[in-house]
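Below: one structure, written as structure tokens.
What you see below is based on every heavy atom in this structure, not just the backbone, and it leaves out hydrogens, waters and symmetry mates. Just so it is clear: chains get the letters A, B, ... in the order the sequence lines come, proteins before strands, and each one is counted from 1.
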Protein chains: 2
Amino acid sequence: MLIRSLEIFQAVVDSGSFSAAAERLHTVQSNVTAHIKKLESELGVRVLERRNPVALTSAGHQLLGYARRIGDLHSEALNHFKGGGEPTGELRLGSMETTAAVHLPRVLPAFSRRWPAVSLNLRTSPSACLLDELREGRLDAAFVIAGNVGDGLAMRPVFRERLVLVSGRPLESVPCAAELSRTSFLSFRQGCGYRQTVSVLLAEQGAPPAPVHELGSLDAILGCVSAGMGLAVLPESTVRQYRHRYPLHTVALPEALSAVTTAIATAGEETWSQPLRAFMEGPWLPDLNEPSRPALASV
Amino acid sequence: MLIRSLEIFQAVVDSGSFSAAAERLHTVQSNVTAHIKKLESELGVRVLERRNPVALTSAGHQLLGYARRIGDLHSEALNHFKGGGEPTGELRLGSMETTAAVHLPRVLPAFSRRWPAVSLNLRTSPSACLLDELREGRLDAAFVIAGNVGDGLAMRPVFRERLVLVSGRPLESVPCAAELSRTSFLSFRQGCGYRQTVSVLLAEQGAPPAPVHELGSLDAILGCVSAGMGLAVLPESTVRQYRHRYPLHTVALPEALSAVTTAIATAGEETWSQPLRAFMEGPWLPDLNEPSRPALASV
DNA sequence: CGTGCATTATCATTATTTGTGATGATACCT
DNA sequence: AGGTATCATCACAAATAATGATAATGCACG
């Protein structure tokens, strides 16, 4: 059964005659006849009573229902991809926990207000997992630590962060190696971009690898840090946002370590769905047009 | 966009590779490639990431939604006409008022219990209107006075009726011409099969055409008859059913006039929808296999 | 960093289907 | 009956789908 045949069938029903339908569809009457005959032989019933005007048979009346529904879906699909209609459907976003907490509350509402027909689906995960999901086609876009990812993924830097060392007690400066070796760190699970920074920091200070507790939630991490369980490395913006909830103290990290960029990663532009294109092109996403820092990136 | 292309697209997504999809659909891999490429060029986006296994792009994820919905509708339609599935959809029935009142309450519930997925739509009208609606494809079947209708409609006798003269006062026999000429008759509107009988009765008795009031409802007719407004000609079964509500008296009509058959009229069997076929073939409809009486018929 | 295995792309070819235009058959209206 | 509309049929042209062979590509494993 061809969509085309159903389209012709509908035209016949609407216009009341084979020849009128042919004219309406810019084809010839014998072609209309052929399509209807094929439909009828495929379905095993007569669907049109050849009279003037043509009349639907009982079976034809039922076919019309299907024809309309399939035709509507078909043109909706075409319109979705080609026509200039509103973006609709689902937009599957992934984000690091910190970005979701600090930046997305300014991004998503603006997008949703502009394109209310798009249903948003946000998942938080460490950067590495997000990039995997993106590659496997289970996400449309992901907010991750900027860096070159090698394969076909495109990255656009959107937020600049300053990582700080977070502690429950006041700190003067980054603790010395001896002190660090007696401290534990709290971080997201494996794959989190910031976690890398912890290792580099320890190495730079000449301290041995410290124990790293993996907690899956920002609240858990900051709550435990403020209770003195250990230190954490997080974007300053995140800590600032949580400061009114937990007693937290921060100390700056060396410039080389502290500056990280968050980027939005997507597949090539020629694969973008309409909602994704709308998301990428709207004013809600800043565009820091600078080369992304390859350091600390990927994994 | 071909349904076939969407089917192939789905197979690729399900099976994870072009070649596996080809095998599953009993075709060759180059054909799968061609269909996907065509789809992509029609829609203007890449829908599949050629990897192992293949991955949906953002746009492909959206297309999959449409493909599934269209595919489901398509197979539902095919199954509806060819497959042995349950009858579903609408069954549009027409009936004379009297048949609807007396016989259908024994027919429709049985059918509906057996095929609950069919939604019934019953309209009451005079026979002639029903046949017109049937011809124009606005009804699937109609209960009408049996008779030959000339064109392609098929008739199957289902109920035998005995017409009686109904009066509000006791009657010994059919009134004489003199009395009839002073009486008015109550009947359904033009096109009612029973109304014809009134004219024939008057003619046979040698009485002049009496005034005929047209009332669109059985209750109205019988209520007025019992109040002495005039006489009516109706099936005895109908009168019997209403007797407990209105004080009614009946008198037999001459055999030639009284015997009428109610038939179910449909278009040719090769046009029947599945619900109609189920309705015609079930045990709820009696089949009086006798030649229908052409007298008094049609109009 | 090749080698081998699996994948998809390309291409020439055939088969099938769709679309065309002319003609004939049929009904309907006057 | 004649005129006018309708749809069916047919032979043919054009377009498209399917095929099979081969080339190009990507990926894993040593």
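Heavy atoms from other residues, nucleotides or ligands lying under 6.0 Å from CD of A:E49 number more than 12.
Within residues 13-24 of chain B, the residues approached by DNA chain C to less than 4.0 Å at the level of any non-hydrogen atom are B:S17, B:F18, B:S19, in residue-number order.
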Identify the pairs formed between an N or O of the protein and an N or O of nucleotides 20-25 of chain C at a distance under 3.5 Å, and give each distance.
from, atom 1, to, atom 2, distance (Å)
C:dT20, OP2, A:T27, OG1, 2.4
C:dT20, OP2, A:V28, N, 3.4
C:dG21, O6, A:S30, OG, 2.8

Between the protein and nucleotides 25-30 of chain D, which nitrogen or oxygen pairs are less than 3.5 angstrom apart?
none

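Sorted by first then second residue, the ring-ring contact (aromatic ring centres under 6.0 Å, His included) pairs that include residues 16-65 of chain A, not counting sequence neighbours, number zero.
Terminal axes of the helix from C:dC1-D:dG30 to C:dT30-D:dA1 (five pairs each, C1' rotation axis) are separated by 30°, to the nearest 10°.
Nucleotide D:dA17 holds its P atom 13 Å from the CZ atom of A:R4, rounded to whole Å. In this structure, A:I8 places its CD1 atom 15 Å from C1' of D:dC7, rounding to the nearest Å. Rounded to whole Å, atom P of D:dC7 lies 10 Å from atom CD1 of A:I36. As a whole-Å value, the separation of B:L25 CG from D:dT19 P is 11 Å. To the nearest angstrom, P of C:dT17 lies 12 Å from NE2 of A:H35. Atom C1' of nucleotide C:dT17 and atom CG of A:L39 are separated by 14 Å, given to the nearest angstrom. One atom, CG of A:L48, and another, P of D:dA8, lie 9 Å apart when rounded to the nearest Å.
A donor-acceptor pair shorter than 3.5 Å cannot be found between the side chains of B:S187 and B:Y194.
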Check residues 71-79 of chain B and write down every donor-acceptor pair under 3.5 Å in which the side-chain atom is one partner and the other belongs to a residue at least two apart or another chain.
from, atom 1, to, atom 2, distance (Å)
B:S75, OG, B:G71, O, 3.0
B:S75, OG, B:D72, O, 3.2
B:E76, OE2, A:Y66, OH, 3.4

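Between B:V12 and B:V32 there is a side-chain heavy-atom pair separated by less than 4.5 Å.
With salt bridges taken as basic N to acidic carboxylate O contacts below 4.0 Å, one links B:E7 and B:R4.
B:T271 contributes no side-chain N or O that, together with a main-chain N or O of A:T57, makes up a donor-acceptor pair within less than 3.5 Å.
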